[in-house]
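Below: the structure, in structure tokens.
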Protein chains: 2
Amino acid sequence: MTVVKDKLEADKLLKVAEILKTIAHPVRLKIIEVLSDEKRTVSELMEATAIEQSLISHHLIKMKDKGVLSSYREGKNVYYQLVDDHITKIFDCMEGCSFI
Amino acid sequence: MTVVKDKLEADKLLKVAEILKTIAHPVRLKIIEVLSDEKRTVSELMEATAIEQSLISHHLIKMKDKGVLSSYREGKNVYYQLVDDHITKIFDCMEGCSFI
DNA sequence: TTGATATATAAATAAATTAACATATGTTTG
DNA sequence: CAAACATATGTTAATTTATTTATATATCAA
């Protein structure tokens, strides 16, 4: 059996839990998946996810708040992007699990 | 920028979200961390997490329901263990992220 | 400057999660 | 078989999160 190398401190567990909670939603995972390719505008994300404007905005802002995404405006559009690509590894990680 | 290899189907995103939601809690992460070493009884997990009997039982049963843990009885004790060690990779994955 | 387009915000509600407490069940031991 | 121990279950309350609808703000183009 593999042992987790270093035990995570309680506060780090909290932080990890917070991030996981932030992304533990099918739409948010889809957003991450789409953004793994490259940055997208809100409109593009709406189309990619088939989620209406206000709701996707809520999702995006929450993910931004929690540090997973960042955004910048360019004219009428706002682009969202992953703060750290590393997060996409979570798909590999999960897919490796027998129960998925 | 790294691209996620294969796009996950909608139903797989749902499944992944379900699992992430299941473990996105500091106590549950701690349980996974402890079990990464080896199987433990409920009592041992209570001690390791400092969580009271009923509450930890609820956590354990939820994780078992979702397929993350399995359990078996041995006398008065019930042992819980990880169904798939692979799940512990999530710690590495998260620790690699700049926002953690 | 007005209208159109893109996005954000606010408020209300619905739904899900977590925690706490009380009680029940299963197993061993005397 | 009764008491003790380990764990599970049921119920409710508290809290958090997700969704919807309506409205506001920002930017561009005519």
Side-chain angles (χ1 to χ4, degrees), chain A residues 10-11 13-35 38-83, chain B residues 10 13-32 34-35 38-83:
Chain A
D11 54 331
L13 285 179
L14 243 156
K15 186 69 189 160
V16 170
E18 189 184 19
I19 297 297
L20 290 180
K21 208 178 287 187
T22 302
I23 68 175
H25 185 291
V27 169
R28 298 195 187 159
L29 291 175
K30 180 71 179 175
I31 288 170
I32 290 173
E33 185 181 88
V34 172
L35 293 180
E38 65 171 328
K39 67 184 157 56
R40 299 289 161 97
T41 66
V42 177
S43 299
E44 288 169 339
L45 290 169
M46 283 175 62
E47 196 187 338
T49 59
I51 297 293
E52 60 113 357
Q53 194 277 313
S54 166
L55 183 52
I56 205 161
S57 185
H58 279 300
H59 283 306
L60 291 170
I61 287 166
K62 176 65 148 291
M63 288 197 273
K64 181 179 173 182
D65 273 4
K66 296 299 185 176
V68 176
L69 304 182
S70 66
S71 70
Y72 62 93
R73 178 177 283 270
E74 210 171 278
K76 284 189 288 192
N77 297 306
V78 173
Y79 282 91
Y80 278 87
Q81 60 194 2
L82 296 179
V83 163
Chain B
L13 285 179
L14 244 156
K15 187 69 190 162
V16 170
E18 190 184 20
I19 297 297
L20 290 180
K21 209 179 287 188
T22 301
I23 67 175
H25 184 290
V27 169
R28 299 194 187 161
L29 290 175
K30 179 71 179 174
I31 288 170
I32 290 174
V34 172
L35 293 181
E38 65 172 327
K39 67 183 156 60
R40 301 288 161 97
T41 67
V42 176
S43 297
E44 288 168 341
L45 290 169
M46 283 175 61
E47 195 187 338
T49 58
I51 297 294
E52 62 114 355
Q53 194 276 312
S54 165
L55 184 51
I56 206 161
S57 185
H58 279 298
H59 282 304
L60 291 169
I61 287 166
K62 177 66 148 287
M63 289 196 272
K64 181 180 174 183
D65 272 4
K66 296 299 185 177
V68 177
L69 303 183
S70 65
S71 70
Y72 61 94
R73 179 177 283 271
E74 211 171 278
K76 284 190 289 192
N77 297 306
V78 173
Y79 280 91
Y80 278 86
Q81 59 194 359
L82 296 179
V83 163

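Both backbone and side-chain heavy atoms feed into the values below; hydrogens, waters and symmetry mates do not. Remember, predicted model here, so these are calculated numbers, not experimental data. A, B, ... follow the sequence lines: proteins, then strands. Residue 1 opens every chain.
Atom-to-atom, NZ of A:Lys76 to P of C:dA6 comes out at 6 Å; the value is rounded to the nearest Å. What separates CG of B:Leu55 from C1' of D:dT15 is a distance of 14 Å, to the nearest Å. Rounded to a whole Å, the CZ atom of A:Arg40 is 18 Å from the C1' atom of C:dT7. Rounded to whole Å, atom P of C:dT17 lies 15 Å from atom CE of B:Met63. At whole-Å resolution of the value, CE in A:Met46 and P in C:dA8 are 11 Å apart. Between the CD1 atom of B:Ile19 and the P atom of C:dT17 there is a distance of 13 Å, rounded to whole Å. Rounded to whole angstrom, the span from the CG atom of A:Asp65 across to the C1' atom of C:dA8 amounts to 12 Å. In this structure, the CD atom of A:Glu47 is 16 Å from the P atom of C:dT5, given to the nearest Å.
Checked for salt-bridge contact, A:Lys21 and A:Glu18 miss the test: no charged N lies under 4.0 Å from a carboxylate O.
A:His58 contributes a side-chain N or O that forms a donor-acceptor pair with the base of C:dA10 under 3.5 Å. Checked by distance alone, A:Ser54 brings a side-chain donor or acceptor within 3.5 Å of a matching partner on the base of C:dT9. Side chain A:Gln53 to base C:dA6: no donor-acceptor pair is found below 3.5 Å.
With the nearest nucleotide of DNA chain C identified for both A:Glu44 and B:Glu74, A:Glu44 has the one nearer the 5' end. Comparing B:Arg73 and A:Val27 against DNA chain D, the residue whose closest nucleotide sits nearer the 5' end is B:Arg73. Between A:Leu60 and A:Lys21, the residue anchored closer to the 5' end of DNA chain C is A:Leu60, taking for each the nucleotide with the nearest heavy atom. Nearest-nucleotide assignment on DNA chain D puts the 5′-proximal partner with A:Ala24, out of A:Ala24 and A:Glu52.
A:Leu35 has its side chain out of reach of A:Tyr79: every pair of non-hydrogen atoms, C-beta onward, lies at least 4.5 Å apart. Side-chain contact between A:Thr49 and A:His59 is absent, with no heavy-atom pair separated by less than 4.5 Å. Residues A:Leu82 and A:Leu69 form a side-chain contact, since some pair of their non-hydrogen atoms from C-beta on lies under 4.5 Å apart.
Between B:His25 and C:dA16 there is no side-chain N or O to OP1 or OP2 distance below 4.0 Å. OP1 and OP2 of D:dT7 both lie 4.0 Å or more from every side-chain N or O belonging to B:Tyr72. Taking side-chain N and O atoms only, A:Arg28 has a distance below 4.0 Å to OP1 or OP2 of D:dA18. For the OP1/OP2 pair of D:dT27 and a distance below 4.0 Å, the side-chain nitrogens and oxygens of A:Asn77 include no atom meeting the criterion. At the phosphate of C:dT17, neither OP1 nor OP2 sits under 4.0 Å from any side-chain N or O atom of B:His59. Contact annotation: B:Tyr79 side-chain N/O to D:dA6 OP1/OP2 distance is not under 4.0 Å.
Looking at heavy-atom distances under 4.0 Å, A:Ile61 makes contact with sugar-phosphate atoms alone, never a base.
When all heavy atoms of B:Ser71 and B:Lys64 are compared, the closest pair comes out as OG-NZ, 2.8 Å. Taking both residues in full, the closest heavy atoms of B:Lys66 and B:Ile19 are given as O-CD1, 3.5 Å, listed atom of the first, atom of the second, then distance.
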